[in-house]
Amino acid sequence: MPSIAIVGAGPGMGLAIARTFGSHGFDVALIARNHDKLNDLVGRLHAEGITAAAFPADVLDHDSLTRALKDAGTRFGGIDVLEYSPAGSLASTPLTAPSGTSPSDVQWAMDFLLYGAIAATRAVLPAMREAGAGTLLYTNGAGSLDPNPMLGNLNAAQAALRNWVLGLHKELAGTGVQAAHAAIGVWIGPDGPPGMPAAPAEDVAPLYWDLHTQRDEAERIFTA
């Protein structure tokens, strides 16, 4: 069976992507920090007839993340699709306007978004290159394209991730490995900030299947 590894798996987008790929016969490797929450997601997927397993790791600990992906590859006979979407909480996230941003304000976001994505990619890409097949999908905010002044430090890291993914897409052209960027311009689920457009994760998840199967796009943007 083909497999997908979802880094940053949670009960929102991660679960919806797992269900989307699982419904097409994929085994699912769930990677995030909280083992108990992962086990809950595994149980929910098993109840729906989807084979899944938990591999706890922190995206800020690159060695841990690499081990989790290697273990997932061993468990499922390889990783066919990597989806990278670590999610932090805005309530606990230090946000700064561009003019008030210091290097340290950007560093945490770079560690979380770009450096974690690079580490995850390095763990799975060699085997994909050797097989001549694979998909690398990276979730990001729409601020990577159209920055919000209130999110100056976060948007800087988001733009860096987008730039790197688009470059990776070009580099991998003709190899059988697809890299693509998903820019999400809505709040996922209920209880978003007032005035911000929202959408359920189930409405967004098909975008990832399209990027995996159509393989001719470097980027998709989801807006309400």
Side-chain angles (χ1 to χ4, degrees), residues 1-32 38 41-42 44-55 69 72-73 75-87 113 117 120-121 123-125 127-129 131-142 144-145 161-162 165-166 168-170 172-189 197-224:
M1 303 291 285
S3 64
I4 180 171
I6 300 173
V7 178
M13 276 309 310
L15 182 58
I17 294 169
R19 283 171 166 157
T20 296
F21 279 79
S23 70
H24 288 90
F26 274 68
D27 295 333
V28 179
L30 300 173
I31 299 173
L38 286 178
L41 297 179
V42 168
R44 293 165 71 175
L45 291 170
H46 281 176
E48 298 171 21
I50 297 171
T51 299
F55 301 90
L69 285 163
R75 167 68 172 79
F76 292 122
I79 299 298
D80 299 282
V81 179
L82 169 72
E83 193 278 321
Y84 185 84
S85 56
L113 292 172
T121 302
V124 301
L125 181 54
M128 291 182 177
R129 281 186 181 272
T135 301
L136 304 163
L137 303 174
Y138 305 87
T139 301
N140 208 349
S144 58
L145 295 94
L161 174 60
R162 177 177 183 262
V165 173
L166 298 185
L168 182 63
H169 174 86
K170 293 179 180 179
L172 295 175
T175 67
V177 182
Q178 155 80 336
H181 177 256
I184 310 302
V186 298
W187 184 270
I188 302 298
E202 292 75 14
D203 288 357
V204 183
L207 174 154
Y208 295 84
W209 184 252
D210 290 345
L211 286 172
H212 168 61
T213 57
Q214 296 176 11
R215 310 188 73 76
D216 59 351
E217 294 178 83
E219 180 173 54
R220 281 280 187 97
I221 303 166
F222 186 96
T223 57

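All heavy atoms count here, side chains included; hydrogens, waters and symmetry mates do not. Treat the numbers as computed from the prediction; the structure is a model and nothing was measured.
- Atom CZ of F76 and atom CZ of F26 lie 12.5 Å apart (nearest 0.5 Å).
- Remark: the backbone N or O of A218 is not paired with any side-chain donor or acceptor of H181 at under 3.5 angstrom.
- Contact check for T135 versus L211: no side-chain heavy atoms found under the 4.5 Å cut-off.
- I188 approaches A201 most closely through the heavy-atom pair CG2-CB, 3.7 Å.
- Using a 4.5 Å cut-off on side-chain heavy atoms (C-beta onward), V165 and N140 make no contact.
- Among all heavy-atom pairs drawn from A9 and A32, the shortest one is O-CB, 3.5 Å.
- How far CD1 of I6 is from CG of L38: 10.5 Å, rounded to the nearest 0.5 Å.
- Between L145 and E219 the shortest side-chain heavy-atom distance falls below 4.5 Å.
- Minimum heavy-atom separation, G141 to A183: O-CB, 4.2 Å.
- Looking only at atom types and distance, the side chain of T121 has a donor-acceptor partner in the side chain of Y138 under 3.5 Å away.
- Between L137 atom CG and L207 atom CG the span is 9.0 Å, to the nearest 0.5 Å.
- Taking 4.5 Å as the limit, some side-chain heavy atom of L172 sits within range of a side-chain heavy atom of R129.
- What you find for F222 and A199 is that their closest heavy atoms are CE2-CB, 3.8 Å.
- In this structure, Q178 contributes its side chain and E217 its backbone to a donor-acceptor pair below 3.5 Å.
- The structure places CD of E83 at 10.5 Å from CD1 of I31, a figure rounded to the nearest 0.5 Å.
- Residue L30 holds its CG atom at 6.0 Å from CG of L41, rounded to the nearest 0.5 Å.
- Annotation: side chain of V42 is in contact with side chain of H46 (closest heavy-atom distance under 4.5 Å).
- Here I17 contributes atom CD1 and T139 contributes atom OG1; the two are 5.0 Å apart, rounded to the nearest 0.5 Å.
- Contact detail for I50 and A18: the closest heavy-atom pair is CD1-O, 4.2 Å.
- Ring pair F21/H212 is tilted by interplanar angle, where 30° to 60° counts as tilted.
- When every heavy atom of G25 is checked against every heavy atom of M1, the shortest pair comes out as O-CE, 2.7 Å.
- Side-chain atoms of R215 come within 3.5 Å of backbone N or O of G176 as a donor-acceptor pair.
- Residues V186 and D203 are not in side-chain contact: their nearest non-hydrogen atoms beyond the backbone lie 4.5 Å or more apart.
- For the pair D80 (side chain) and S3 (backbone), a donor-acceptor distance under 3.5 Å is present.
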message: Is there a side chain to side chain contact (heavy atoms under 4.5 Å, CB included) between R75 and T51? Walk through the geometry before answering.
response: CA-CA 11 Å; R75 167 68 172 79; T51 299; 4.3 Å; yes
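- Side-chain contact between M13 and I184 is absent, with no heavy-atom pair separated by less than 4.5 Å.
- H169 contributes no side-chain N or O that, together with a main-chain N or O of A180, makes up a donor-acceptor pair within less than 3.5 Å.
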